[in-house]
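One is the number of the first residue; the rest follow in order along the sequence. Values below: all heavy atoms of this structure, side chains included; hydrogens, waters and symmetry mates excluded. It should be emphasised that the depicted structure is a prediction, and the values quoted were computed from it without experimental measurement.
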Amino acid sequence: MAFKPIMMKNVDLILGDEGTGPNFKCQLRSVTLTPNSSPQRLKTLCPQGRYSDVSDPEWDLELGYAHGSTDGADQALAEYLQENHGEKQPFMFRPQVGGNGYQGTVTVLAGPVGGQIDQWMEGSVTLPVEGQPLRVEAI
């Protein structure tokens, strides 16, 4: 099978219960799951004495989003982050609606508020993921 690249468009990002939680896709500018690992090296005083290994990654869910208000039952992501700061919430991220994705649990952190004159208000936040995100199949 030939490689097929994935274009980030029409994504899903649900925080909370997958069936009932808000999908913030229309407020997002970027979504990235980022692993952080620490390579460790040991060098001894002989030519063969070189060793390396790497720790298990710790993951972050990085969100770039627009600030704004919503109508009806929808909630603005900036408000959601402030109201749920410190809480553990499940997440579901699909780079394309209905495609393969990732799920896990994040600790919600409040994001910044404000910006520059004559510019859209935008924010970014890095949410720590508990353990390893799990890959989920397309629906």
Task: Nearest heavy atoms of Leu81 and Leu109, plus distance in Å - done: CB-O, 3.5 Å
Open item on the list: Is there a path of hydrophobic side-chain contacts, each under 4.5 Å between heavy atoms, that joins Ile14 and Val108?
Closed with: no
Task: Nearest-0.5 Å distance, CG of residue Asn10 to CD of residue Gln96 - done: 8.0 Å
Open item on the list: Starting from Leu61, can I reach Met8 by hopping between I/L/V/M/F/W/Y residues whose side chains sit under 4.5 Å apart?
Closed with: yes
Open item on the list: Taking the ring of Tyr80 and the ring of Phe24, is the distance between their centroids below 6.0 Å?
Closed with: yes
TODO: Locate the shortest heavy-atom distance separating Pro133 from Phe91; write the atom from each residue and the value.
DONE: CB-CZ, 4.3 Å
TODO: Using modelled atom types only, decide if a donor and an acceptor are shared between the side chain of Arg41 and the backbone of Ser52 within a distance under 3.5 Å.
DONE: no
Task: Test side chain to side chain donor-acceptor pair (under 3.5 Å) applied to Asn36 - qualifying residues, sequence neighbours left out - done: Asp60
Task: For the student: nearest non-hydrogen atoms of Gly123 and Pro112, plus distance - done: CA-CG, 4.1 Å
- [ ] Using a cut-off of 6.0 Å, state whether more than 12 heavy atoms not belonging to Glu58 lie near its atom CD.
- [x] no
TODO: Is it possible for you to say whether Val113 and Leu127 belong to one hydrophobic cluster, with membership spreading through side-chain heavy-atom contacts below 4.5 Å?
DONE: no
TODO: Look at the side-chain heavy atoms of Ile, Leu, Val, Met, Phe, Trp and Tyr, link any pair under 4.5 Å apart, and say whether Trp59 and Met92 land in one connected group.
DONE: no
- [ ] Could you tell me whether the side chain of His67 and the main chain of Ala76 form a donor-acceptor pair under 3.5 Å?
- [x] no
TODO: Could you check Gln40 against Val54 for side-chain contact (heavy atoms from CB on, under 4.5 Å), going step by step and ending with a plain yes or no?
DONE: CA-CA 6 Å; Gln40 299 294 317; Val54 65; over 6 Å; no
Open item on the list: In the structure I gave you, are the side-chain heavy atoms of Val129 and Thr105 within less than 4.5 Å of one another anywhere?
Closed with: no
Open item on the list: How long is the straight-line distance from CG of Leu15 back to CG of Asn84, given to the nearest 0.5 Å?
Closed with: 8.5 Å
TODO: Please round to the nearest 0.5 Å and tell me the distance separating atom CD of Glu79 and atom OG of Ser69.
DONE: 8.0 Å
Open item on the list: Could you report the tightest heavy-atom contact between Tyr102 and Val136, atom names first, then the distance?
Closed with: N-CG2, 3.8 Å
Open item on the list: If the test is side-chain contact (heavy atoms from CB on, under 4.5 Å), which one of Leu77, Asp12, Asn23 qualifies with Leu28?
Closed with: Leu77
Task: Within-4.5 Å side-chain heavy-atom neighbours: Arg50 and Leu42 - done: no
Open item on the list: Could you measure the distance from the CZ atom of Phe93 to the OG1 atom of Thr32? Nearest 0.5 Å is fine.
Closed with: 7.0 Å
Open item on the list: I need the Gln116 CD to Glu122 CD distance, nearest 0.5 Å.
Closed with: 10.5 Å
- [ ] Might you point out which heavy atoms bring Ser55 and Ser38 nearest each other, and give the distance in Å?
- [x] OG-N, 3.0 Å
TODO: Could you list the residues that satisfy side chain to side chain donor-acceptor pair (under 3.5 Å) with Thr107, not counting sequence neighbours?
DONE: Lys88
Task: Full working for side-chain hydrogen bond (donor to acceptor under 3.5 Å, both in side chains) between Thr34 and Glu62 - done: CA-CA 7 Å; Thr34 303; Glu62 300 169 355; 3.3 Å; yes
Open item on the list: If you compare all heavy atoms of Gln75 against all heavy atoms of Gln27, which two are closest, and at what distance to 0.1 Å?
Closed with: O-NE2, 3.1 Å
- [ ] Report the distance from atom CD of Glu87 to atom NE2 of His85, rounding to the nearest 0.5 Å.
- [x] 10.0 Å
